[in-house]
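Lettering follows sequence order; numbering is per chain, from 1.
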2 protein chains.
Amino acid sequence: MELDRLDRDIIAALVEDARATFADIGHQVGLSASAVKRRVDRLRETGAITGFSARVAPQALGWTTEAYVELFCQGKTKPSDIALAVAKFPEVVGAATITGEADALLHIRATDVRHVERVIERIAAESFVVRTKSSIVLSRLVDAPPGTTVPEPRNGSPAQL
Amino acid sequence: MELDRLDRDIIAALVEDARATFADIGHQVGLSASAVKRRVDRLRETGAITGFSARVAPQALGWTTEAYVELFCQGKTKPSDIALAVAKFPEVVGAATITGEADALLHIRATDVRHVERVIERIAAESFVVRTKSSIVLSRLVDAPPGTTVPEPRNGSPAQL
DNA sequence: GTTGAAAAGAATCGACT
DNA sequence: AGTCGATTCTTTTCAAC
C-alpha cells in the first residue's frame, strides 16, 4: 500500500496523541476533519494503524525491573516453538529470533530482580532451551513509542541519513 | 500512588483501546462515564498514564528490518553520554544500560540491512564507543504493547506466578 | 480526491447522594 | 468516593464539488 506525506503526518499525529480530534489533526496536516477521518479509516483497514493504546509508566503498575535474556536452543527448535513457550509469560514483553550465537532475545518486565529470576528459571526449564544468558537493565535511556518516526519508504533517502 | 482494582481495569481497557468512550469503559469496569473520566484524568495527572498512542505496523511505514546492538564503552562513559549520543538517531527505538559484558543494548529499526549497517557505523564512530556487537532480528515473536498486563503491585502475588 | 452541513453520539461540568 | 442531567463539542454520515 502507498502512503503519501499526508498519511504519514496523520500517523505521526496519532502516535503523538491517539485521542486528538479529527479537526485538530486536520489543522496540523492541513485537511478538513472529514478528510482526516476517511484517511484514518483507510489506514486502519489496510493495517497501517493496528489500534490505539494508552502509554503507561511501567513503574506505576509495579513493573520496576527489566531484563534481556538470550536464549540458546537445541538445533531443531522452530521459532514457533519459542513463540508458543514465551507467550505464556506476561512478563515477556518482547521476543525475537536473532543472528549471532544466541537463537533468540527476550525482553522481560517484572516487579523485582527476584521475579526476573523466577521467570528465567521457568523459561530455562522448557525442553528446547539449552542455556540462557541474562542482562538486567540498569537504566533505560530510550523507550520510543513504536513508529514515532517515519522514514521515506523504500524510495528516496532513509530517515536521518 | 495507590492504584486500586478499578484503576488497573481502566488502564487495561485503555491499553486495549485508547479511543474507547468513557461510557464503554465504565460498562466494562462497572462505573459511570463521569467516574471513569475523573479516574482517567487523575491517572494522567499522577503520571500512571503518560499519553495515548496509535499502534503502527512498522513494516507499513517502511521499517522492515530491526537489530539489537551491544555497546562496549570506555571506562568513564556515563549513561547520559550514551543517551545523548543515541537520541540523535530516530532509528534507535530503545536503549538501556545493562549488566554483563556489554555496557548498553540498543534496539534499532531501519528500512533494510544496509540502513542498519550505516546507523551502527555512525554510532560506532562516537568517541566513547570501543566496539559493538550486532544481532539482526530474523523474526519477531512477541511485541507486547508496554503495560498490557498488570501485576499486583508490590504486595500480593506477582503476575502469573 | 475534496468540502461543508446536519444528526447522532461523547465529553465535560455542575449539582447532588 | 459515586451518579445523574444539561450543555458543548466531536464523530459520523451524506450530498455536492
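Taking the charged nitrogens against the carboxylate oxygens, B:R42 and B:D7 do have a contact shorter than 4.0 Å, which makes a salt bridge. One finds a salt bridge joining B:E126 and B:K88 here, because a Lys/Arg side-chain nitrogen approaches an Asp/Glu carboxylate oxygen to under 4.0 Å. Looking at B:R109 and B:E91, no side-chain N of the basic residue comes within less than 4.0 Å of a carboxylate O on the acidic one, giving no salt bridge. Ionic pairing of B:E117 and B:R122 is not present here: no N-O contact between side-chain nitrogen and carboxylate oxygen is shorter than 4.0 angstrom.
In this structure, A:H27 atom NE2 and C:dT3 atom C1' are separated by 16 Å, rounded to whole Å. If you measure from atom CD1 of B:I25 to atom C1' of C:dT12, you get 15 Å, rounded to the nearest angstrom. The nearest whole Å value for the distance from the CZ atom in B:F22 to the C1' atom in D:dT8 is 15 Å. Atom pair B:L43:CG and D:dA1:C1' shows a separation of 14 Å (rounding to whole Å applied). Whole-Å rounding puts the A:D41 CG to C:dG1 C1' distance at 16 Å. Here the P atom of nucleotide C:dG1 and the CD1 atom of A:I10 are 12 Å apart, to the nearest Å.
Not a single donor-acceptor pair, N or O on each side, falls under 3.5 Å between the base of D:dC9 and the side chain of A:T21. Side chain A:R38 to base C:dG1: no donor-acceptor pair is found below 3.5 Å.
For B:R19, counting side-chain heavy atoms from C-beta on, the closest listed nucleotide (D:dA1, D:dT11, D:dT3) is D:dT11. Side-chain proximity of B:L6 to C:dA11, C:dG4, D:dG2: nearest is D:dG2.
Residue B:K37 places none of its side-chain N or O atoms closer than 4.0 Å to OP1 or OP2 of C:dA11. Put simply, A:S32 has a side-chain N or O that comes within less than 4.0 Å of OP1 or OP2 on C:dT3.
Contact annotation for A:R39: backbone-only contact, meaning every heavy-atom pair under 4.0 Å involves sugar-phosphate atoms and none involves a base.
Side-chain contact, B:S139 with A:T97: a donor N or O sits under 3.5 Å from an acceptor N or O.
Put simply, the side chain of B:R44 never gets that close to the backbone of B:T50: no donor and acceptor are under 3.5 Å apart.
Side-chain heavy atoms closer than 4.5 Å link hydrophobic residues (I, L, V, M, F, W, Y) into clusters, and following such links, possibly through other members, connects B:F52 to B:V36.
Taking five base pairs at each end of the helix from C:dG1-D:dC17 to C:dT17-D:dA1, the local helix axes there meet at an angle of 30°, rounded to 10°.
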